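Since the model is a prediction, treat every value here as computed from it, not as a measurement. Computed over heavy atoms, backbone and side chain alike; hydrogens, waters and symmetry mates excluded.
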Amino acid sequence: MPEKKREKDLTIAEKLYIPEIVKGLGLTLKSMFRPKFTMEYPEVKFIPPASYRGRPVLVQEESGTERCVACGLCSRVCPSLAIEVQASETSLEKERYPVKFEINMLRCIFCGFCEEVCPEEAIVMSKDYELVFRDRSEAIYGKDKLMVPIRQVEDRIEFLRNFK
Amino acid sequence: MELLIQAGIALAKILIVITVMLLTVSYLVYFERKISAWIQNRRGPNRVGWYGALQPFADVFKLLLKEDIVPSNANKFIHSLAPFITLFVSFATYAVIPFGPDIKLFGRTIQLALADVNIGVLYVLALTSLGVYGLTFAGWSSGSKYSLLGGIRSSAQMISYEVSMGFSIAGVILLSESLRPMAIVESQYGFMWNALIQPIGFITIVVSAFAETNRLPFDLPEAEPELVGGYHTEYSSMKFAGFFLAEYANMIIASAMIVTLYLGGWQFPYIDKFGLSMGLTAGIQVLSFLLKMALVLFFFIWVRWSIPRFRYDQLMNLGWKVMFPLSLLNLIWVAALIMIFNI
């Protein structure tokens, strides 16, 4: 931090205001011609990096089943009580699976605790930030909306393995 | 018959000037937003129409559809009157601004000014001082402390800067020996622009014009962080739009006055020596007037987005201790020039 200038320290040119004002005007004129950073949203979409916490999704294996074993840790850790899981048995190797897995997207605060606590890498935060609903019941996302093929969330899983 | 034709010409001129004026006001708002965006590395309005060109109309329609709220402890009559005073004053001022030389059309001479009044400059000064009433009434009648403070500030500010404005105009009048705007413009033939002859006066009039139009860095009457919206805090819908329009119309008046008094008005340096036809010369002169005005308006907007707001005491210090003596100095300078060089 440079020393703060008091009025008595100012030179005559600075006290005259005008040279300083001209300097300021020059700066703004220069920045008028700088490139703009704006992305024009509906036409140009922002593609977030892997560290981005968008809508939480359930990882769907190549075989078409979800990874989730319905342990209920995510619903337990969720600070806004957005997740509801109902477990059931299955003949697959993992033995348990969620019959019902619902996230209330009006409650979700995108904290990422669910993915942090998940022992199976079964729930991860995606890059999806376009969440629109017409009414409250539409905002409750069931398994049909939550399941996302593993290919689409690979870089997030990679990111979690490196940094979690 | 003669009278009818005269009236017809006058009406046509009024229509043209009012339409151009209203369009300029709305596009001034658009350019204010665009230029502020560019200065801040943004794009600005670009959704409505071609590069957002219809944005001003969208804004007006939005304001028209808003509910007109009058606070319950407001003085209703004066509350409604205030925006009309402000608007009336800012539009009426334009009557005496000349925007081109006399032209000959169908065998008659037409002056390119709504009214060539011989006390034009006084008329402008008188009307702009009336403009204070609009703001003060608005502030007082709203029944809100923020509005009242804004109104008081605006009256104090406008009265203070009227002095230095008056004196810097006096310098021009000394040189042109007339109060007629047309004569003042004609006296600045070639490069005899007042801005070059009396630069101090130019600076004082530009600064006073900023203060008179309540533009940043002197927009204390509507200083958002302290006063919410200042005198128009309690206004909504078309009444607010009235103040908004008046502010921009005032900017146009101020720039037109600066151009007329100091930047040679519609004069294009030595255009009559180029040997062009009468109509072409007049066209170039009108265009040069508009171009000069546009440049001054750009300067207004540019300054707004570059310089922070003054504090109230700084504003008053600047007005009375700097601008007022400077404008007197300018008057002495002009008097000395006349004494020595007999111009």
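The closest side-chain donor-acceptor pair between A/T28 and B/W305, if any, does not fall under 3.5 angstrom.
The neighbour count for A/E43 CD, taken as heavy atoms of other residues, nucleotides or ligands under 6.0 Å away, is above 12. Atom CD of A/E89 sits in a sparse spot, with 12 or fewer heavy atoms from other residues, nucleotides or ligands closer than 6.0 Å. By the 6.0 Å contact criterion, CD on A/E95 is open, its count of non-hydrogen atoms from other residues, nucleotides or ligands being 12 or less. Atom CZ of B/F61 has 12 or fewer neighbouring heavy atoms from other residues, nucleotides or ligands inside a 6.0 Å radius. More than 12 heavy atoms of other residues, nucleotides or ligands shown are found within 6.0 angstrom of OH on A/Y52. Counted within 6.0 Å of CZ on A/R151, heavy atoms from surrounding residues, nucleotides or ligands total 12 or fewer; the atom is thus considered open.
B/Q40 CD to A/K36 NZ: the interatomic distance, rounded to the nearest 0.5 Å, is 11.0 Å.
For chain A, the nearby parts of B/I39 are the backbone and the side chain; heavy atoms of each come within less than 4.5 Å. Of the two parts of A/E40, the backbone and the side chain both hold a non-hydrogen atom closer than 4.5 Å to a non-hydrogen atom of chain B. Contacts of A/L27 with chain B are absent, with no heavy-atom separation under 4.5 Å from either backbone or side chain. With a 4.5 angstrom heavy-atom cutoff, B/V303 touches chain A via backbone and side-chain atoms both.
In plain terms, the two heavy atoms of B/R43 and A/T38 that are nearest each other are NH2-O, 3.3 Å.
Ranked by non-hydrogen atom pairs under 4.5 Å with chain A, the options B/S306, B/A37, B/P217 are led by B/S306.
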